[in-house]
K.L.:
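Pasting a structure below so you can have a look.
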Amino acid sequence: MEIAFNSTTARVPSLPLTKSDARDRNPCSLSIVLRNEFVQLSSSPTRFRTNKNSLFKVLSAEKNHVQVVEGRFFVGLAGPPGAGKSTIAHEVARRINKLWPEKASSFDSQVQPPNVAAVIPMDGFHLYRSELDAMKNPEEAHARRGAPWTFNPTRLLTCLKNLRVQGSVYVPSFDHGVGDPVEDDIFVNLQHKIIIIEGNYLLLEDGVWKEISSLFDEKWFIDIDIDKAMHRVLKRHISTGKPRDIAKQRVENNDRLNAELIMKSKKNADIIIKSVDF
């Protein structure tokens with residue numbers, strides 16, 4: 001089964017959906033079953049493949065199956081740099097927010113319903129450049145930015161726990177132009193029932209990362225050949241203005257090392273999504 005993201009595709013078909021299976025732990029967890037052999041969406045030129053009969057537990061599209069969402073459903077979406085985490089997270093959230101009012105008969109057709117899905121990027125929990133400057137070896141810290149120890153996982157853990165308990169939190173985003181987080185840039189509130197947290201290290205098994213992983217109702221991993229992922233990352237570095245030789249050094253001395261670590265956490269995922277160029 002494949003989900004294809006093709007920039008030339010105009011039609012976005014609806015997906016057949018069912019209730020989630022009995023092992024769901026969260027009262028608001030609902031499921032999308034991708035029965036289509038080939039589904040095309042309008043997005044970027046990347047293809048995502050899942051195993052047949054996999055469940056995307058996010059939303060029920062059949063009116064007689066729509067439930068009152070009372071809790072929170074956390075999806076942890078991990079994968080190496082260049083895998084397409086942000087693309088698929090925002091596309092899934094977009095589709096949920098589109099399908100929900102179409103399928104939930106309780107909404108007045110004249111009223112714009114609130115979005116029920118939101119995305120939290122792990123990038124917002126990067127350490128600030130000033131924090132890297134204060135480290136014992138600031139040169140190495142900047143060179144290895146993107147490694148697990150250049151993030152603040154404790155802050156992310158606290159954020160997700162507060163979201164469970166308090167219902168609403170402000171979340172930082174990341175400004176790639178400036179190279180630092182942007183405080184309180186994303187507001188996740190009570191209307192958001194499906195939260196997709198996307199980032200590199202969300203399925204690691206050690207330290208605070210393991211505690212973060214334990215909060216997810218479902219764990220997704222985007223699988224990709226590392227060489228292919230690094231080629232994408234190289235092009236991304238060059239597109240932001242890095243000279244090719246500097247970009248290649250960055251990929252080999254940092255991004256690839258991080259990717260190799262991240263790939264080891266694939267075994268902890270509930271769903272594996274294959275990312276394929278075409």
Side-chain angles (χ1 to χ4, degrees), residues 76-90 119-160 170-186 196-213 221-266 268 275:
L77 175 61
K85 296 181 295 298
S86 179
T87 296
I88 195 170
H90 284 91
V119 175
I120 294 179
M122 197 191 83
D123 275 358
F125 298 87
H126 268 98
L127 294 178
Y128 281 85
R129 289 178 298 168
S130 59
E131 293 176 285
L132 301 180
D133 290 338
M135 288 186 171
K136 184 177 181 179
N137 188 338
E139 183 178 354
E140 180 190 23
H142 283 280
R144 289 301 317 277
R145 197 174 200 194
W149 50 273
T150 66
F151 286 87
N152 188 341
T154 300
R155 188 180 181 197
L156 174 57
L157 177 65
T158 300
C159 172
L160 296 179
Y170 281 95
V171 180
S173 65
F174 189 80
D175 187 331
H176 288 275
V178 174
D180 267 335
V182 180
E183 292 297 327
D184 300 337
D185 194 42
I186 301 169
I196 303 172
I197 303 96
E198 59 94 0
N200 293 339
Y201 304 111
L202 299 176
L203 303 188
L204 294 188
E205 295 181 293
D206 55 344
V208 180
W209 298 108
K210 185 174 183 178
E211 292 185 65
I212 292 171
S213 183
F221 189 94
I222 304 181
D223 192 16
I224 184 173
D225 176 79
I226 288 184
D227 288 338
K228 186 176 297 182
M230 293 304 98
H231 179 66
R232 294 180 184 174
V233 174
L234 176 63
K235 292 199 297 183
R236 182 194 303 167
H237 286 325
I238 294 173
S239 71
T240 60
K242 286 185 175 66
R244 174 172 285 273
D245 58 338
I246 300 298
K248 289 181 69 174
Q249 290 178 22
R250 176 79 181 179
V251 167
E252 291 304 317
N253 297 328
N254 186 51
D255 298 308
R256 183 177 291 274
L257 297 177
N258 297 335
E260 290 171 351
L261 172 62
I262 294 162
M263 292 300 290
K264 294 177 181 178
S265 69
K266 178 174 67 172
N268 300 319
S275 177

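This one's a predicted model, so the numbers in the text were calculated from it and none came from an experiment.
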K.L.:
Is there a donor-acceptor pair closer than 3.5 Å between any side-chain N or O of N253 and the backbone N or O of Q249?
P.N.:
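Yes; at least one donor-acceptor contact below 3.5 Å.
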
K.L.:
Give, for atom CD1 of I262 and atom NZ of K85, the distance between the pair rounded to the nearest 0.5 Å.
P.N.:
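Rounded to the nearest 0.5 Å, the CD1-NZ separation comes out at 6.5 Å.
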
K.L.:
Which heavy atom of A83 sits nearest a heavy atom of I224, and at what distance?
P.N.:
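Residues A83 and I224, closest heavy atoms: CB-CG2, 4.0 Å.
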
K.L.:
Taking ring pair (Phe, Tyr, Trp, His ring centres under 6.0 Å) as the criterion, tell me which of F125, Y201, W149 meets it with W209.
P.N.:
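Of the listed options, the one satisfying the test is Y201.
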
K.L.:
For the residue pair C159 and V171, what are the closest heavy atoms and their distance?
P.N.:
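Smallest interatomic distance, heavy atoms only, reads SG-CG2, 3.8 Å.
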
K.L.:
Which heavy atom in T240 sits nearest to a heavy atom in H237, and how many Å separate them?
P.N.:
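Heavy atoms of T240 and H237 come nearest at OG1-O, 2.7 Å.
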
K.L.:
In Å and rounded to the nearest 0.5 Å, what is the CG to CD1 distance from L77 to I222?
P.N.:
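Going from the CG atom of L77 to the CD1 atom of I222 covers 4.5 Å.
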
K.L.:
Quick check for you: to the nearest 0.5 Å, what is the distance between R244 atom CZ and K235 atom NZ?
P.N.:
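With rounding to 0.5 Å, CZ (R244) is 10.0 Å from NZ (K235).
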
K.L.:
Evaluate side chain to side chain contact (heavy atoms under 4.5 Å, CB included) for S86 paired with E198, printing each intermediate quantity in order.
P.N.:
CA-CA 7 Å; S86 179; E198 59 94 0; 3.9 Å; yes

K.L.:
Can you tell if the side chain of I120 reaches within under 4.5 Å of the side chain of I186, non-hydrogen atoms only?
P.N.:
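Of all side-chain heavy-atom pairs linking I186 with I120, none is under 4.5 Å.
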
K.L.:
Any side-chain heavy atom of P80 sitting closer than 4.5 Å to one from M263?
P.N.:
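Yes, at least one pair of side-chain atoms sits under 4.5 Å.
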
K.L.:
First locate atom NZ of K266, then atom CG of D223, and finally report the distance between them rounded to the nearest 0.5 Å.
P.N.:
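Between K266 NZ and D223 CG, I get 3.5 Å after rounding to 0.5 Å.
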
K.L.:
Do R256 and D227 sit within salt-bridge range, that is, some charged N less than 4.0 Å from a carboxylate O?
P.N.:
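Salt bridge present between R256 and D227.
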
K.L.:
Please determine whether side chain to side chain contact (heavy atoms under 4.5 Å, CB included) holds for the pair I238 and L234, giving the CA-CA distance in whole Å, both sets of side-chain angles, and the decisive distance to 0.1 Å.
P.N.:
CA-CA 6 Å; I238 294 173; L234 176 63; 4.1 Å; yes

K.L.:
As an exercise, state the distance from CG of L257 to CZ of R144, rounded to the nearest 0.5 Å.
P.N.:
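So the gap between those two atoms works out to 5.0 Å.
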
K.L.:
So how far is it from M230 CE to K248 NZ, rounded to the nearest 0.5 Å?
P.N.:
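Those atoms lie 14.5 Å apart.
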
K.L.:
E183: which residues meet the side-chain hydrogen bond (donor to acceptor under 3.5 Å, both in side chains) condition with it, sequence neighbours left out?
P.N.:
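Residues passing side-chain hydrogen bond (donor to acceptor under 3.5 Å, both in side chains) with E183: Y128, R155.
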
K.L.:
What pair of heavy atoms forms the shortest contact from L202 to S213, and how long is it?
P.N.:
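For L202 and S213, the tightest heavy-atom pair comes out as O-CB, 3.2 Å.
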
K.L.:
Which heavy atom of A141 sits nearest to which heavy atom of T150, and what is that distance?
P.N.:
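Between these two residues, the closest heavy atoms are O-CG2, 4.0 Å.
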
K.L.:
With a 3.5 Å cut-off and sequence neighbours excluded, list the donor-acceptor pairs that the side chains of residues 172-179 form with protein atoms.
P.N.:
residue : atom : partner : partner atom : Å
S173    : OG   : D185    : OD2          : 2.6
D175    : OD1  : G177    : N            : 2.8
D175    : OD1  : V178    : N            : 3.1

K.L.:
Tell me whether R145 contacts the main-chain N or O of F151 through its side chain, where contact means a donor paired with an acceptor under 3.5 Å.
P.N.:
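Here the side-chain-to-backbone pair does not exist.
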
K.L.:
So which heavy atom on N200 is nearest to which on G146, and how close?
P.N.:
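It is ND2-O, 4.4 Å.
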
